[in-house]
Number of protein chains: 2
Amino acid sequence: MTQPGSGAAKAARHTREDVVVAALGILDQYGLADLTMRRLAAILDVQPSALYWHFANKQTLLASIADRIVERVRFVPQTDDELTAASVTGGQWQGATRAEAYALRDALLAFRDGAEVVSSALALGLGAALPITRLTASIRPGGFDRRTSGIAAAAIVHFVLGHVSHEQQRLQADSLGVVAEAASANPTSAHPTTAGSVPQAVESFEFGISLLIAGLDVQHRQASEPTTKPV
Amino acid sequence: MTQPGSGAAKAARHTREDVVVAALGILDQYGLADLTMRRLAAILDVQPSALYWHFANKQTLLASIADRIVERVRFVPQTDDELTAASVTGGQWQGATRAEAYALRDALLAFRDGAEVVSSALALGLGAALPITRLTASIRPGGFDRRTSGIAAAAIVHFVLGHVSHEQQRLQADSLGVVAEAASANPTSAHPTTAGSVPQAVESFEFGISLLIAGLDVQHRQASEPTTKPV
DNA sequence: ACCTGAACACCGTTCAAGT
DNA sequence: ACCTGAACACCGTTCAAGT
């Protein structure tokens, strides 16, 4: 019984883990703008300064959050074909890559402002690198060298982050009524409170991913064919 | 002589234009994080509250800045071939589209944190739509309908913003020494003070743009060919 | 038309000190 | 190992009032 206070309400010692979980809660409920160190401290029933024992600064905390958001890409829905073909080298990399891209989109959409958080953590090199690793791995079997696979993966990640970021900021803008002149002429649900998605967003996402994979496919075939100079 | 004070130093009435120019100056010299209303006011030798006569809020100011940054895409370097072929419908849209993408990249790189500023203005629907308009126009001659051209343009813009944003945040991170473990192992120039660019950044940019245009090209040819079902 | 002065309700971060 | 208390140096925005 030497652990916490004896039944009282205060003084609940926290772990780094607790802080991240609480922060994710604020993020998802109120958005990145309201995720302040002071607010987070208040929820944990602690002084703001206490957070600096767990994290060097806010940026580091956000990086941990980004890592968490992105963890979900591990649960890519895989078809049986893909599972069996995965061991055999050269399964259909296009499908696997598309699946990774969608998994990333889903992971980002699962939390409010997820794309922005991941985007900045990644740019600062503080984390959230998992999607690039996985995409690189899904592209390689297409017969591309490591360097090419890596920058192709980065291109896809850039597109996904840009697309979802756009989508999420619009979701928030809509729900706040900040909307400007055009661009909001669909009389659907009033308040997108849950992490839903803009109507035709999926279609334009699909289109973009298709372009990138088709582009890679062309490269692939050009490299495979004996000697056919590209135009 | 009823205009400003008679030779004194203070009381220099400002226009909305002045505010934007001063803000762009701060942005380029010190970055987005240091572009505060108070700092901007100080530079203009005015109280912070004065700024709210010119702009409803900071977001609106940033949108104006984004518009300015993006204006530069009007000066796309055009080859003579393109100029002449432009009037004739169906010139080489691939070259024109690539040129637009590069023009956008250049415009964003011309100001510190340019990509982030434009990115958020665009997502909020508050401005910076020019690049999408222009890209849509450059893609259309490829024989795509308006809708397809539009979302293809958006895909390219997403990639460019993501790529340059990444590049710029890394530039800033490097110059501040925030850098994490890996990802920074090139012993080149010490401090990238000017709006330069990361070494191999151009190559991976080129690669991404190539993928997207090649992907579009495939779509194009598929639609043109009599009846060849896509795989 | 453009600005001042003063206030409101906040921020992230540091640091000595406590248990 | 984890937190308090107090302080430092800031934020964006509003609003009555001035010229």
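Residue numbers start from 1 in every chain, and the chains themselves are labelled A, B, ... in the order their sequence lines are given, proteins ahead of strands. Predicted model only: the values in this text are computed from it and were never measured.
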Novice: Compare side-chain N and O positions of Ser49(B) against OP1 and OP2 of dT4(C) and report whether any pair is under 4.0 Å apart.
Specialist: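 The answer is no; no side-chain N or O of Ser49(B) sits under 4.0 Å from OP1 or OP2.
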Novice: Quick one: Leu61(A) CG to dG12(C) P, roughly how many Å, whole number?
Specialist: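 Computing the Leu61(A):CG to dG12(C):P distance gives 10 Å.
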Novice: What is the distance, rounded to the nearest whole Å, between atom CG of Asp45(B) and atom C1' of dC3(C)?
Specialist: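 For the pair Asp45(B) CG and dC3(C) C1', the rounded distance is 12 Å.
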Novice: Please state the P separation for the pair dC8(C) and dA9(D) - nearest whole angstrom.
Specialist: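 After rounding to an integer number of Å, I get 22 Å for this pair.
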Novice: Over how many whole Å does the gap from Leu44(A) atom CG to dT4(D) atom P extend?
Specialist: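 My rounded result for the distance is 10 Å.
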Novice: Output the rounded distance in Å from CE (Met37(B)) to P (dC3(C)).
Specialist: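 About 13 Å, once rounded to whole Å.
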Novice: Both Ala50(A) and Ala50(B) contact DNA chain D. Taking the nearest nucleotide for each, which residue is further toward the 5' end?
Specialist: Ala50(A)
Novice: On a whole-Å scale, what distance lies between the P atoms belonging to dC2(D) and dA17(C)?
Specialist: 22 Å
Novice: Quick one: is His54(A) getting a side-chain N or O under 4.0 Å of the dA1(D) phosphate, OP1 or OP2?
Specialist: no
Novice: Just the rounded figure in Å: distance from P of dT19(C) to CD of Gln47(A).
Specialist: 15 Å
Novice: Given His14(B) and His54(B), is the side chain to side chain donor-acceptor pair (under 3.5 Å) satisfied, shown in steps?
Specialist: CA-CA 9 Å; His14(B) 298 294; His54(B) 297 283; over 6 Å; no
Novice: Relative to the 5' end of DNA chain C, which residue comes earlier, Lys58(A) or Leu51(B), by the nucleotide with the nearest heavy atom?
Specialist: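 Upstream on the strand: Leu51(B).
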Novice: Can you measure Leu35(B) atom CG to dC10(D) atom C1' for me and round it to whole angstrom units?
Specialist: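 To the nearest whole Å, that distance equals 15 Å.
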